[in-house]
Amino acid sequence: MKDPVRVSITGAAGNISYALLFRIAAGDMLGKDQPVALQLLEITPAMQALEGVVMELNDCAFPLLSSVNISDDPGVAFRDSNIAMLVGSKPRGPDMQRSDLIKDNGAIFSVQGKALNDNANRDIKVIVVGNPANTNAFIAAKNAPDLNPANFTAMMRLDHNRALSQLSTKLNLHHTELSKMTVWGNHSATQYPDISNVIVNGSAVSDQIDQHWLVNDFIPTVQNRGTTIIRARGASSAASAASAAIDHMRDWVLGTPDDDWVSMAIPSDGSYGIQEGLMYSFPVTCIDGNYQIVQGLDISDFSRERMIATEQELKTEVDAVSHLI
Ligand code: NAX
């Protein structure tokens, strides 16, 4: 039996985590031969609820779950951690502006970045789910100067999966027949879901799609899917967000499929003219636990305009959190 991988999860008593922990413990993220040790973080008032979640985890008798530890101290929850999934933060309320969210949640990620810096395994892989995810990941990375900034990422996989779902529905195909979807930029309504490189059965999908549907239906539907779900469900996406977080980390650790790529927000290296350091979503391939930006894609004027708009929003968010860096 392999040694357990230490997986730290914050906001462990929340909605997304309730859909996440059990799948990780069942082997959906790291494989059916990889034991996991869960290190769960919550704020003090939620510790009792977390104890209930732990009872349920134990009651599942998962063969791969080697241990579960809980704490309200990030230093304890991140100790020797190999993987950190930063979910815990406030979801946006009905009357909240994005700027309020950045102010409230940004502070959480400076504390957690420091705690990761001081306690985590040097090879830790971090995914930020809590919103505003890209800028929170940026803050965490900046507060962890002893860790490689490339180890910090933010989740765009839900947006990527939503784009695949919308496009396959339109084409009356199964989404597994599509490859090379890209979502560029920020996890927000400025993100740019880009079908320019999508392949179906060996040919480019863009030839089969009319521009009117692309501009007036596909792009805004994907951009605003989170809000549509909140309206319908009365609560923000949870199971789909958990599933996307598992997809993100599984592919990062175990590799992306041949002839395909995924969307991940990572520190920009300046590729495609995006400002270096911004936590921006790019098309990436993963191999041996490392990701690489897909290079050499043609960028049309239509795409460039949208890639710049979402870059601009990220620059504004970064300016708003300069005191946390
Ligand atoms: P919940 O309110 O159900 O759970 C959040 C949990 O985080 C709570 O249990 C809370 O006690 C805990 N928490 C708060 N501050 C903490 C801290 N400093 N340390 C540890 N735990 C802390 O929200 P949930 O529905 O689980 O959503 C969590 C976050 O994911 C929100 O910010 C939400 O906006 C974001 N989302 C991100 C998505 C993405 O694609 N990146 C999509 C889904 C979701 O909207």
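Values below: all heavy atoms of this structure, side chains included; hydrogens, waters and symmetry mates excluded. Remember, it's 1-based here, ligands and their atoms both numbered in the order they're listed. Given the structure is predicted, the values throughout are model-derived calculations rather than measurements.
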Test of proximity, [X] against ligand 1: N or O pairs below 3.5 Å:
X      : answer
Asn131 : yes
Glu42  : yes
Leu158 : no
Ile16  : yes

Considering non-hydrogen atoms of the protein only, which is the closest contact for [atom], and what is the distance?
atom                    : answer
atom 20 (C) of ligand 1 : Gly11 N, 3.8 Å
atom 38 (C) of ligand 1 : His187 NE2, 3.7 Å
atom 4 (O) of ligand 1  : Gly14 CA, 3.3 Å
atom 25 (O) of ligand 1 : Asn15 CB, 3.6 Å
atom 31 (C) of ligand 1 : Ser89 OG, 3.7 Å
atom 23 (O) of ligand 1 : Pro91 CG, 3.5 Å
atom 41 (N) of ligand 1 : Val129 O, 3.1 Å
atom 19 (N) of ligand 1 : Gln112 NE2, 3.4 Å

Please work out which of the three classes, parallel, tilted or perpendicular, describes the rings of Trp252 and His248, given edges at 30° and 60°. perpendicular
Parallel under 30°, tilted from 30 to 60°, perpendicular over 60°: which one fits the rings of Tyr272 and Trp184? perpendicular
Output yes when [X] and [Y] qualify as a salt bridge under the 4.0 Å nitrogen-oxygen rule, no when they do not.
X      : Y      : answer
Asp260 : Lys180 : no
Arg304 : Asp301 : no
Asp159 : Arg225 : no
Asp104 : Lys90  : yes

Atoms of ligand 1, numbered as shown, that sit under 4.0 Å from any heavy atom of Ser237: 43 (C)
Ligand-residue contact atoms, ligand 1 with Ile108, heavy atoms, under 4.0 Å: 15 (N), 18 (N)
Counting heavy atoms only, name the option from Ile43, Ile9, Thr227 that's nearest to atom 15 (N) of ligand 1. Ile43
I want to confirm something. Looking only at heavy atoms, which of Thr44, Leu101, Val87 is nearest to atom 28 (C) of ligand 1? Val87
Pairwise side chain to side chain donor-acceptor pair (under 3.5 Å) hits with a residue in residues 61-74, at least two apart: Thr44-Asp72
Cut-off 3.5 Å, no hydrogens considered: what does the side-chain donor-acceptor table look like for residues 226-235, sequence neighbours left out?
unit_1, atom_1, unit_2, atom_2, d
Thr228, OG1, Asn224, O, 3.0
Arg233, NE, Ala235, O, 3.4
Arg233, NH2, Ser236, O, 3.0

Among the heavy atoms of [X], does any lie under 4.0 Å from an atom of ligand 1?
X      : value
Gly226 : no
Met156 : no
Lys90  : yes

Heavy atoms of Gln39 and Ser81 approach each other most closely as NE2-CB, 4.3 Å
Ile266, Leu314, Asn134 screened by side-chain contact (heavy atoms from CB on, under 4.5 Å) with Leu278, the one that passes: Leu314
Lys NZ or Arg CZ of Arg306 over Phe302 ring: under 6.0 Å, within 45°: yes
Is the closest side-chain heavy-atom distance between Val321 and Thr135 below 4.5 Å? yes
